[in-house]
Every structure is written in structure tokens, then in C-alpha cells.
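Here is the structure we will look at, set down as C-alpha cells.
Source: prediction; values computed, not measured. All values below were derived from every heavy atom in this structure, side-chain atoms included, with hydrogens, water molecules and symmetry-related copies excluded.
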Amino acid sequence: MLLNFGHRLECWVLNVEFWPVKKIKHIAVSGNIASGKTTLAEKLARHYGWAPLYESVDHNPYLRDFYEDMTRWAFHLQIYFLNSRFTQIRNIRESEKTIVQDRTIYEDAYIFARNLHASGHINDRDYKSYLDIFHSMINFVQPPDLLIYLKADIPKLVDQIQKRNRDFEYNIKLEYLRTLNEHYEKWIGEYTLGKLLVVDMNKLDFVGNVED
């Protein structure tokens with residue numbers, strides 16, 4: 001830095017170390033059912049040239065059965081999602097690309113499994129087994145560089161569920177969505193694993209409005 005004091009010129013040497021900026025490798029999009037996660041992940045991936053990792057829905061062998069009989073299939077579904085998400089995490093660690101992920105392994109345990117246990121759909125014995133597996137896995141998990149939480153109220157979620165017209169989702173009860181939202185708000189309120197961006201989805205429409 002050069003400072004000119006009249007006829008006197010002094011050169012100040014600033015002792016600054018320049019560190020390379022860390023490459024953002026893992027962005028995760030979180031939120032309740034039909035909050036807009038997949039749509040946002042798809043648009044971010046296309047815009048920035050990132051690789052998307054989507055939640056396993058279309059090829060999920062338990063999802064349709066789960067919405068018809070939650071108590072019978074809750075444990076099976078959550079184990080399937082947990083294993084699928086852990087596989088995604090291994091892919092993220094091994095990839096050189098920047099990846100945007102549709103939902104996180106934390107949501108599997110802290111939101112969905114916890115909610116199903118609290119509501120009586122997963123019994124104590126199965127829930128303990130699930131948590132034992134989760135805690136073993138989590139030792140090998142690094143949190144995302146950025147977590148994006150899509151916050152949406154029940155009317156918005158219901159509207160989105162109706163728009164995407166998946167027949168098996170018609171069995172979703174409003175109480176189920178409401179309790180999931182409660183778990184999300186608690187989890188996000190206590191989240192300290194990394195950077196967090198909360199997006200209010202109640203007045204946004206990624207599909208209908210390009211500006212959004």
C-alpha cells in the first residue's frame with residue numbers, strides 16, 4: 001500500500017497470507033415432502049453445471065406400500081432410504097465434481113425415522129436398531145458445504161402434491177405433513193454442522209416463475 005505524505009512516499013508492506021478458496025463440492029437441498037427440493041436441485045445443477053443426486057422415489061420398492069400401511073412398512077422404508085443416502089455420500093466423496101443432493105442422511109434419521117417412531121409406526125426395538133446403524137454410518141459422513149432448507153407451510157405442500165399428481169401420495173395425511181414440519185423446524189433451529197440458507201417457499205414457484 002502506498003501512502004503519499006506531501007513529498008514523502010512510504011511503502012507499507014502488508015503481512016497478508018493468501019489462501020486458496022475452498023471449492024464448494026457438496027450442496028444439499030432439504031425440506032418436507034413436495035417443498036420443491038427436486039425442482040431446485042435440477043435447476044441449480046443445470047445452471048451451474050453441477051451433478052445432481054436425486055432421492056430414490058420412482059424405483060423405491062417400499063414407498064407405495066408405505067403410504068398404504070405406514071406401520072407395516074415404515075422400518076423397511078427408512079432402512080432403504082438410509083442405505084441409499086449413504087451410497088450417495090460415498091459417491092460424493094469419490095467424485096471430483098460439485099454435487100447438489102436432493103435431501104440428506106440427517107433428515108432420514110432426525111426427521112422421518114424420529115417422526116415415525118414418535119407416532120407409533122416404528123416400535124422401540126426397531127428404532128434402536130435403526131439408530132445403531134445410523135450412528136455407525138454417520139462417523140463416515142461429512143456435512144454439506146451448504147444446506148438449503150425449503151420452508152413451506154401445509155397449504156403450499158398440499159398444493160404441490162396435487163400438482164405433481166403421484167397417485168400413491170394421495171394417502172398422505174395432513175397430520176403427517178404437520179408433524180414433519182415440526183421436526184424440520186426443530187432440526188433447522190439447532191443445525192450447526194455448516195452453512196445454512198433458509199428459503200421461504202410459500203410465495204415462490206420455481207416452475208411457474210423464472211424470476212423465482
Does a side-chain heavy-atom distance below 4.5 Å link [X] with [Y]?
| X | Y | result |
| --- | --- | --- |
| L116 | F66 | yes |
| V141 | I105 | yes |
| N60 | L77 | yes |
| E68 | N171 | yes |
| L204 | N209 | no |
| E55 | F81 | yes |
| I79 | F75 | yes |
| D145 | I27 | no |

Which heavy atom of [X] sits nearest to which heavy atom of [Y], and what is that distance?
| X | Y | result |
| --- | --- | --- |
| S30 | I188 | OG-CD1, 4.5 Å |
| I161 | A34 | CG1-CB, 3.5 Å |
| G36 | L150 | C-CD1, 3.4 Å |
| I122 | A113 | CD1-O, 4.3 Å |
| I92 | L53 | CG1-CD1, 3.7 Å |
| H117 | D124 | NE2-OD1, 2.8 Å |

Whether [X] side chain and [Y] backbone form a donor-acceptor pair below 3.5 Å:
| X | Y | answer |
| --- | --- | --- |
| Q88 | Y54 | yes |
| T98 | W50 | no |
| N181 | A152 | yes |
| K37 | N32 | yes |
| K25 | S95 | yes |
| S119 | N115 | yes |
| N123 | R125 | yes |
| H135 | L131 | yes |

Are there more than 12 heavy atoms of other residues, nucleotides or ligands under 6.0 Å from atom CG of L174?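 12 or below, so no.
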Answer yes or no: are there more than 12 heavy-atom neighbours, outside Y170 itself, under 6.0 Å from its atom OH?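 Yes, the 6.0 Å shell around OH holds more than 12 heavy atoms from other groups.
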Distance (rounded to the nearest 0.5 Å) between [X] [atom1] and [Y] [atom2]:
| X | Y | atom1 | atom2 | result |
| --- | --- | --- | --- | --- |
| Y80 | L63 | OH | CG | 9.5 Å |
| I24 | H26 | CD1 | NE2 | 12.0 Å |
| T39 | R164 | OG1 | CZ | 8.5 Å |
| N202 | D153 | CG | CG | 4.0 Å |
| L193 | Y106 | CG | OH | 5.0 Å |
| E211 | D205 | CD | CG | 11.0 Å |

Hey, mind stepping through R64 and D167 against salt bridge (charged side-chain N to carboxylate O under 4.0 Å, His left out) and telling me if it holds? CA-CA 9 Å; R64 183 180 296 273; D167 59 339; 3.1 Å; yes
Would you call D108 and R103 a salt bridge, taking side-chain N to carboxylate O under 4.0 Å as the test?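 Salt bridge: no.
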Strictly by modelled atom types, are [X] and [Y] linked by a side-chain donor-acceptor pair under 3.5 Å?
| X | Y | result |
| --- | --- | --- |
| E107 | Y184 | yes |
| E185 | Y149 | yes |
| T179 | E182 | no |

Under the criterion side chain to side chain contact (heavy atoms under 4.5 Å, CB included), which of V100, L44, D102 is the partner of P52? V100
Pair F134 and Y110, ring centroids less than 6.0 Å apart: yes
Which of parallel (below 30°), tilted (30 to 60°) and perpendicular (above 60°) describes Y62 and W73? tilted
